[in-house]
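As the structure lists them, so they are numbered: ligands from 1, and atoms in each ligand from 1.
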Amino acid sequence: MYRQIRSNRSPRAVRVLPVVQGGRPISLAIPSLDQAVAHGLRQTPFRGEMGETRLIDGRIILAGLGPAEQVNVATWRRAAAAVLRCAFSNRLSALRWIDPAAVSDRLSAPDAAAVIAAAVNLANFDFSDFRSKVAAVRQDPPLDLDLAIDGDKKITDALRDSLLVGKSVDIARRLAATPPNVANPAYMARFCRDLARKTTGLRCSIIDQAKARQLKMGGLLAVGSGGSTPPVMIVLEYQGRASSPAQRSNQKSKIKNQKSPPILLVGKAVTFDTGGYSLKPGGGKTMKYDKCGGCAVIAAMVAAAQLKLPQRLVALVPCVENMIDSASYRVDDIVTFINGVTCEVTNTDAEGRLILADALAYGSKRYQPRIVVDLATLTGGITVALGPFCAGLFANDDKLADQFINAGQSSGDRLWRMPLWNELRDMMKGSHADLINASEKRWAHSGQGAGFLSYFVGENAPSQMPTLPWAHLDIAAVANTESDSVELAKGPTGFGVRLLIDWLRANA
Ligand code: BES
Ligand code: MN
Ligand code: ZN
């Protein structure tokens with residue numbers, strides 16, 4: 001894997017030449033390269049099938065795009081990932097793609113450039129923070145990759161922006177991969193403070209355990225009570241750039257912009273989920289990725305600030321370690337959330353919704369958001385329902401749902417909409433307390449989670465299904481992958497970062 005991908009031009013870059021199925025590579029207008037391609041093709045024909053690659057003469061990579069009439073975002077993505085693999089296995093350190101418009105106009109060239117950069121980033125993931133320098137086990141030092149795409153300024157801008165988002169995806173992935181003995185709630189808080197200090201426009205504050213007690217965040221406190229470090233709620237804020245240059249220079253509208261209702265992003269960050277006293281069966285499974293919703297939200301805030309997106313954003317990341325300890329919460333405990341709603345704990349492994357409840361209720365009241373979006377590795381049930389191909393989208397608003405489905409297509413962080421019915425809310429009603437956190441019924445586990453969260457969103461909560469536009473993304477199946485594929489390096493995926501940024505950019 002490459003350590004870093006930069007948008008540099010390098011004179012010795014290997015040319016990347018996409019080819020549609022059955023088509024001929026276009027001329028590079030450099031006789032020696034064109035001859036090398038012609039010679040290479042005479043030796044072995046290149047069919048141009050999607051994902052097919054060939055390195056010729058150490059100077060040109062042919063990349064198959066598949067049938068010309070089917071070229072789309074997914075094709076470019078696949079081709080770019082395949083090129084990355086080909087480049088890395090040949091230890092190449094600089095690539096220069098020809099202008100995508102010269103090959104296909106089925107996608108705008110800047111969009112194609114953005115997708116290429118995104119795919120190259122996604123297929124590449126190096127996490128060497130915990131590799132030692134001990135000679136006997138040391139690996140080859142990773143290379144950096146220079147990535148260039150020919151074309152006008154729109155293309156170079158798209159490439160640069162996409163690599164910038166890619167860096168944020170990698171922030172999410174590195175944080176997600178950081179092991180639970182290091183990335184505990186205290187570390188997460190420190191990490192975000194440092195990140196905000198380094199990122200212009202991003203502010204961070206921490207609601208620590210003492211403050212959470214004052215605020216009566218009973219869910220966060222209960223789940224976090226057995227952790228190796230106390231629970232925290234991380235708050236990140238980005239004011240948003242005033243939308244037009246005229247507005248930017250106008251002081252009044254600047255103030256208005258600061259006070260405009262923000263978009264609230266909430267991300268579950270359980271740094272390790274043992275299940276608590278409802279211990280996970282089988283044990284010993286990876287659970288450091290239970291913080292991936294939070295990691296995605298944190299990283300998206302960085303990208304939003306760096307891209308100077310227009311929207312005002314507030315992110316809340318409730319952060320706990322779900323452990324077993326004499327101080328841990330138990331089954332049968334009754335907790336009271338910040339909005340006064342009570343819940344009988346029927347399963348300490350349904351902990352995500354308990355910490356999200358406080359975040360959603362606190363955020364709804366404190367910031368009066370205009371839209372709420374939460375990302376959480378909430379249920380194993382979503383994997384059963386949808387497999388590892390997409391995340392589950394629960395939304396109370398069709399317009400918002402459509403926006404997310406579209407952003408899922410463009411970003412590659414795919415979504416499938418799930419129902420959000422009142423029956424699911426009813427399943428979460430309690431007898432000794434207002435709610436239970438898990439029903440004995442074994443059906444619709446993911447929907448139960450969404451139904452539970454709906455009691456904490458917006459002004460009219462908990463009395464009815466919220467009317468404030470809200471999207472809940474259950475990312476349990478897509479937060480990490482168990483093996484390498486062409487398109488995705490094994491490990492954390494950073495799912496949600498590109499999705500959120502594409503959604504914000506498309507709906508500014
Ligand atoms: N973090 C898990 C969900 C999960 C499971 C994520 C596997 C990734 C892989 C969550 O806290 C959980 O344990 N959910 C329970 C809910 C149930 C007890 C109602 C589940 O899905 O089994
Ligand atoms: Mn759990
Ligand atoms: Zn969990």
Side-chain angles (χ1 to χ4, degrees), residues 176-177 180 183-185 188 219-220 222-227 231 266-296 317-324 328-333 343-359 374-392 394 418 424-425 427-430 435-453 472-482 491-493 495-496:
N184 51 37
M188 296 287 287
L220 181 82
V223 182
S225 57
V266 174
K268 167 181 172 180
V270 175
T271 59
F272 194 80
D273 183 10
T274 63
Y277 280 98
S278 312
L279 190 61
K280 283 193 177 293
K285 295 219 180 79
T286 296
M287 267 301 157
K288 67 176 177 179
Y289 296 129
D290 212 16
K291 59 182 180 300
C292 283
C295 296
V317 179
C319 190
V320 299
E321 195 181 6
N322 189 19
M323 300 293 275
I324 291 174
S328 292
Y329 79 135
R330 292 151 289 245
V331 170
D332 292 346
D333 282 1
C343 172
E344 181 177 347
V345 177
T346 46
N347 190 325
T348 61
D349 198 12
E351 84 295 341
R353 59 200 72 184
L354 299 176
I355 65 172
L356 291 169
D358 277 328
D374 77 81
L375 280 80
T377 48
L378 203 67
T379 66
I382 203 70
T383 317
V384 178
L386 299 174
F389 312 111
C390 63
F394 297 81
M418 304 285 286
L424 296 164
R425 283 166 63 87
M427 283 185 80
M428 309 316 291
K429 288 194 172 137
L435 302 176
I436 49 175
N437 72 333
S439 159
E440 302 163 350
K441 303 272 194 317
R442 301 190 39 120
W443 60 70
H445 254 178
S446 307
Q448 288 183 34
F452 185 93
L453 297 179
H472 158 59
L473 311 180
D474 193 334
I475 62 167
V478 291
N480 62 291
T481 58
E482 277 154 23
T493 61
F495 187 104

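In this structure, the protein non-hydrogen atom closest to atom 6 (C) of ligand 1 is Ala476 CB, 3.7 Å. Residue, atom and distance of the protein heavy atom nearest to atom 17 (C) of ligand 1 are His445 CE1, 4.1 Å. Taking atom 9 (C) of ligand 1 as the reference point, the nearest protein heavy-atom neighbour is Met287 CE, 3.6 Å. Among all non-hydrogen protein atoms, the one lying nearest atom 15 (C) of ligand 1 is Asp349 O, 4.0 Å.
Thr379 and Arg353 make their closest contact through CG2-NH2, 3.8 Å (heavy atoms, listed as atom of the first residue, atom of the second, distance).
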*Please assess Lys280 against Lys285 for the test side-chain contact (heavy atoms from CB on, under 4.5 Å), listing each intermediate value before the final yes or no.*
CA-CA 9 Å; Lys280 283 193 177 293; Lys285 295 219 180 79; 6.0 Å; no
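The angle Glu351:OE1 - the Mn ion (ligand 2) - Asp349:O amounts to 70°, with values rounded to 10 degrees.
Here Lys268 meets the criterion, with an N, O or S atom under 2.8 Å of the Zn ion (ligand 3). Residue Asp273 counts as close to the Mn ion (ligand 2), with an N, O or S atom under 2.8 Å.
For the pair Asp332/Glu344, a side-chain contact is recorded, criterion being any heavy-atom separation below 4.5 Å from C-beta on. Two residues are said to be in side-chain contact when any heavy atoms from C-beta on lie closer than 4.5 Å; Asp474 and Met418 fail this criterion. Side-chain atoms of Leu378 and Leu356, non-hydrogen and from C-beta on, do get closer than 4.5 Å to each other. Side-chain contact between Lys291 and Cys319 is absent, with no heavy-atom pair separated by less than 4.5 Å. Counting heavy atoms from C-beta on, the side chains of Leu354 and Cys343 come closer than 4.5 Å. By the 4.5 Å heavy-atom criterion applied to side chains, Asn184 and Phe272 are not counted as neighbours.
With hydrogens and angles left out, the side-chain atoms of Asn322 and Thr274 include no donor and acceptor closer than 3.5 Å.
Using a 4.0 Å cut-off between heavy atoms, Asp273 contacts ligand 1 through its side chain alone, with no backbone atom that close. When heavy-atom distances to ligand 1 are checked against a 4.0 Å cut-off, Gln448 has no atom that comes that close, whether in backbone or side chain. Residue Arg442 does not touch ligand 1, judged by heavy-atom distances below 4.0 Å.
The distance criterion of under 3.5 Å between nitrogen or oxygen atoms is met by Gly380 with respect to ligand 1. Considering both main-chain and side-chain atoms, Asp290 comes within under 3.5 Å of ligand 1 through a nitrogen or oxygen pair. Residue contacts with ligand 1: Asn347 is placed with no nitrogen or oxygen under 3.5 Å of a nitrogen or oxygen of the ligand (distance criterion only).
Not counting sequence neighbours, Tyr329 has no partner by the ring-ring contact (aromatic ring centres under 6.0 Å, His included) test.
Atom CG of Asp349 is separated from atom OH of Tyr277 by 14.5 Å, given to the nearest 0.5 angstrom.
Interface of Lys268 with ligand 1, defined as ligand atoms under 4.0 Å from a residue heavy atom, comprises 1 (N), 10 (C), 11 (O). Below 4.0 Å from some heavy atom of Thr377 lie the following atoms of ligand 1, by number and element: 1 (N), 2 (C), 3 (C).
For atom 10 (C) of ligand 1, the nearest non-hydrogen atom from the set Thr286, Thr379, Leu378 comes from Leu378. Nearest to atom 16 (C) of ligand 1 by heavy-atom distance, out of Arg353, Glu351, Lys291, Lys280, is Arg353.
Minimum-distance N/O/S atom of Asp290 relative to the Zn ion (ligand 3): OD2. The closest approach of Asp273 to the Zn ion (ligand 3), by N/O/S atoms, is made by OD2. Looking at Glu351 and the Zn ion (ligand 3) together, the shortest N, O or S contact belongs to OE2.
Among Val270, Thr493, Ile475, Val478, the one residue that satisfies the side-chain contact (heavy atoms from CB on, under 4.5 Å) test with Cys292 is Ile475.
In summary, Glu351 and Lys268 engage in a salt bridge, as defined by a charged side-chain N under 4.0 Å from a carboxylate O.
Distances shorter than 4.0 angstrom do not occur between any heavy atom of Lys285 and any atom of ligand 1.
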